[in-house]
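All values reported here derive from a predicted model rather than from experimental measurement. Below, all heavy atoms of this structure are taken into account, side chains as well, without hydrogens, waters or symmetry copies.
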Amino acid sequence: MPPRPPAAGTTDSQGYAYPARLWRALDRHRPPGAEAAAGAWRSPVRGPWLTSVFGAVLLAALPLVIITGLLDWIAYGPHLGQALPRDVGWLHPPVFDWPTRPAWLFRVTQGLHVTLGIVLVPVVLAKLWSVVPKLFDWPPARSTAQALERLSLLLLVGGILFEMATGLLDIQYAYLFGFDFYTAHWYGAWVFTAALVTHVAIKLPRMVSALRGPGFARTPLAGTRPEPADPDGLVARRPGPATMSRRGVLALTGGGALLLAALTVGQSLDGVLRRTALLLPRGRRHGDGPNGFPVNRSAAAAGIRSADTGADWRLSVRGGGRSVELDRDGLLAMAQHTADLPIACVEGWSTAQTWTGVRLRDLAALVGVPESAPARVRSLERSGLFRQARLQPHQVRDPESLLALRVNGVDLSLDHGYPARIIVPALPGVHCTKWVREITFEERADG
């Protein structure tokens, strides 16, 4: 008489739970090479302790990556319709007016998001290496609960690899994928975050228990032995001799993370560390002189012609039913103000420069609009996602929000936005519109 299948929530003598018949059938029909693949992973350092160490590092760092990514999306002004993606449906989080103070706020959030994402690559790879035998388990699950856990793990692994791959390609301006980066990265982040929360809820007690075990990091190579068999099957079935100790694995992973930090962090800082930023998008040198700092979108890439910025160029300032046109000499004749402000780009690089120009609130007053009005800025660019931007009232009235005409004591170069560009404290670089042709102030008070 065949054994009665276990009821839901119970486990039979072979470790199968409802629907046990399905799991037994899968076990009887193993794919070719399944057994050989499962036994091929023989490193004796794999086990709950090493996996938990990598898990603890990721648990401490990944929430910061997620939070800074969300803050950067808010900085783009979703309530102004200029965050990407624009329509996120019920995934729309609470938003707030992105502040102008501290002026380095976006520089820090975006720099942390990108730099930490890069630095964690070796840790993620090491964590995947530590659990790779689990990917070859057959049957893939022995209960419905375990099947759901494996599904969350699949989404977790797929999600983090997708986010890192698309993020790294975007940082280097290598758009090899045939889809919109912003949309894919946004929804991929939500899938990954949901899977991460589920995985942590399931595995946190085991991680804490494993970390309370013996201090394997102090064991030298000669004394490296496998951990006792664990219920998750992380320990190798037939462990081979150790070729590296656990502290060697940790040192190798940590060294890789530190190397990536050294090659990356300089892109978010000025000074000597800029020389070590070998991963800086578009290289480390951008010419000599006061305009020799990074450029995200050049004039040639934007289709800006020399005739567009010549003697016939005029800035149109509108608002309150009035319109004023100013040439560059007319702007230089107005009160000039200077501010030391950073400019930060979504790809992670940033730099602080000294900008000089006309305050935006003075331009608003020129057409009789109160400084508490929002503004729409349009560029000479004829195409592109960021050829225009909206500024919130508090951004217009900030005393350091400028229509910049000069940088570091000289005229802006064409690539940096000549004849005039926007510079606002803490504003994402793509909204610091270059080659400005029109500013429209709307008569609407705060709120």
- Message: What verdict does the side chain to side chain contact (heavy atoms under 4.5 Å, CB included) test give for Leu62 and Ile160, after you've listed the backbone C-alpha separation in whole Å, the side-chain angles of each residue and the deciding distance to 0.1 Å?
- Response: CA-CA 10 Å; Leu62 286 175; Ile160 196 167; 4.2 Å; yes
- Message: Applying salt bridge (Lys or Arg N to Asp or Glu O under 4.0 Å) to Glu438 and Arg376, what does each step give before you reach the verdict?
- Response: CA-CA 8 Å; Glu438 180 183 298; Arg376 185 182 298 276; over 6 Å; no
- Message: Before you tell me yes or no, could you show the steps for Thr338 and Thr356 under side-chain hydrogen bond (donor to acceptor under 3.5 Å, both in side chains), namely the whole-Å CA-CA distance, both residues' side-chain angles and the distance that decides it to 0.1 Å?
- Response: CA-CA 4 Å; Thr338 298; Thr356 301; 2.9 Å; yes
- Query: Do Val346 and Gln110 pass the side chain to side chain contact (heavy atoms under 4.5 Å, CB included) test, and can you show the C-alpha distance, the side-chain angles, and the key distance before you say yes or no?
  - Reply: CA-CA 6 Å; Val346 70; Gln110 186 60 28; 3.8 Å; yes
- Message: Checking Phe177 against Leu169 for the side chain to side chain contact (heavy atoms under 4.5 Å, CB included) test, could you report, in this order, the C-alpha distance in whole Å, the side-chain angles of both residues, the deciding distance, and whether it holds?
- Response: CA-CA 9 Å; Phe177 35 79; Leu169 288 172; 3.8 Å; yes
- What's the verdict on side-chain hydrogen bond (donor to acceptor under 3.5 Å, both in side chains) for Thr109 and Asp72, showing C-alpha distance, side-chain angles and the deciding distance? CA-CA 7 Å; Thr109 58; Asp72 292 342; 2.7 Å; yes
- Item | Leu120 vs Leu58, side chain to side chain contact (heavy atoms under 4.5 Å, CB included): CA-CA, chis, key distance, verdict | CA-CA 8 Å; Leu120 287 177; Leu58 294 175; 4.2 Å; yes
- Task: Might you work through the ring pair (Phe, Tyr, Trp, His ring centres under 6.0 Å) test for His92 and Trp73, ending with a clear yes or no?
- Result: CA-CA 11 Å; His92 200 299; Trp73 184 79; 5.3 Å; yes
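Taking each heavy atom of Ile439 and Ala375 in turn, the nearest pair found is CG2-CB, 4.3 Å. Taking all atoms of both residues into account, the shortest heavy-atom contact from Pro228 to Val235 is O-CG2, 3.4 Å. Across Glu347 and Asp170, no two heavy atoms sit closer than the pair CG-O, 3.5 Å. Leu341 approaches Pro425 most closely through the heavy-atom pair CD2-CG, 3.9 Å. Closest approach of Pro99 and Ala426 over heavy atoms only: O-CB, 3.4 Å. Of all the heavy atoms in Pro93 and Leu70, the pair that sits closest is CG-CD1, 3.7 Å.
Contact check for Leu204 versus Leu59: side-chain heavy atoms found under the 4.5 Å cut-off. With a 4.5 Å cut-off on side-chain heavy atoms, Phe106 and Tyr76 count as touching. Taking the side chain as every heavy atom from C-beta outward, Trp355 and Leu412 approach each other to under 4.5 Å. Side-chain contact between Asp97 and His394 is present, with heavy atoms from C-beta onward closer than 4.5 Å. Contact annotation: the side chain of Val88 approaches that of Tyr187 to within less than 4.5 Å [non-hydrogen atoms, C-beta and beyond]. The side-chain heavy atoms of Ser268 and Thr115, taken from C-beta on, include a pair separated by under 4.5 Å. Contact of the His416 side chain with the Phe293 side chain is registered, since non-hydrogen atoms from C-beta on lie closer than 4.5 Å. Within the 4.5 Å cutoff, side-chain heavy atoms of Phe54 are placed close to those of Val249.
Every residue two or more places apart in sequence or in another chain was checked for a salt bridge (charged side-chain N to carboxylate O under 4.0 Å, His left out) with Arg421, and none qualifies. Partners of Glu400 by salt bridge (charged side-chain N to carboxylate O under 4.0 Å, His left out), not counting sequence neighbours, listed by chain and number: Arg101. For Lys203, the salt bridge (charged side-chain N to carboxylate O under 4.0 Å, His left out) partners at least two apart in sequence or on another chain are Glu149, Asp232.
A donor atom on one side chain and an acceptor atom on the other are not found under 3.5 Å apart for Thr440 and Glu442. When only modelled atom types and interatomic distance are considered, Ser298 and Asp415 share no side-chain donor-acceptor pair under 3.5 Å. In this model, no donor atom of one side chain and acceptor atom of the other lie less than 3.5 Å apart for Ser152 and Thr198.
The distance from atom CG of Leu153 to atom CD1 of Ile202, rounded to the nearest 0.5 Å, is 9.0 Å. Leu402 contributes atom CG, which lies 8.0 Å from atom CD1 of Ile423 (distance to the nearest 0.5 angstrom). Taken to the nearest 0.5 Å, the CZ atom of Arg247 stands 14.5 Å off from the CG atom of Leu252. Summarising the geometry, atom CG belonging to Asp180 is positioned 7.0 Å from atom CG belonging to Leu84; distances are rounded to the nearest 0.5 Å. Rounded to the nearest 0.5 Å, atoms CZ (Phe192) and CD1 (Ile66) are 5.0 Å apart. A distance of 8.5 Å separates CG of Leu427 from CD1 of Ile343, quoted to the nearest 0.5 Å.
No side-chain donor-acceptor contact under 3.5 Å links His185 to the backbone of Thr166. Side-chain N or O atoms of Arg46 include one that pairs as donor or acceptor with a backbone N or O of Trp129 at under 3.5 Å. Thr68 places a side-chain N or O within 3.5 Å of a backbone atom of Val65 that can act as its donor or acceptor partner. Remark: the backbone N or O of Gly81 is paired with a side-chain donor or acceptor of Arg86 at under 3.5 angstrom. Side-chain N or O atoms of Arg107 include none that pairs as donor or acceptor with a backbone N or O of Pro342 at under 3.5 Å. Counting only distance, with no hydrogens or angles, the side chain of Asp308 and the backbone of Arg305 share a donor-acceptor pair below 3.5 Å. Using a distance-only test at 3.5 Å, with no hydrogens or angles considered, no donor-acceptor pair links the side chain of Lys127 to the main chain of Val53. Checking side-chain atoms of Gln353 against main-chain N and O of Val407 turns up no donor-acceptor pair under 3.5 Å. Formation of a donor-acceptor pair under 3.5 Å by the Thr264 side chain with backbone atoms of Ala261 is not found in this model. Without hydrogens or angle criteria, Asp411 side chain to Arg406 main chain gives no donor-acceptor distance under 3.5 Å.
Using cut-offs of 30° and 60° on the angle between ring planes, the pair Tyr173 and Tyr175 is perpendicular.
Remark: aromatic rings of Phe96 and His79 are distant, center separation not under 6.0 Å.
Figure legend: Arg387 and Trp435 shown without cation-pi pairing, the cationic atom not lying both under 6.0 angstrom from the six-membered ring centre and within 45 degrees of its axis.
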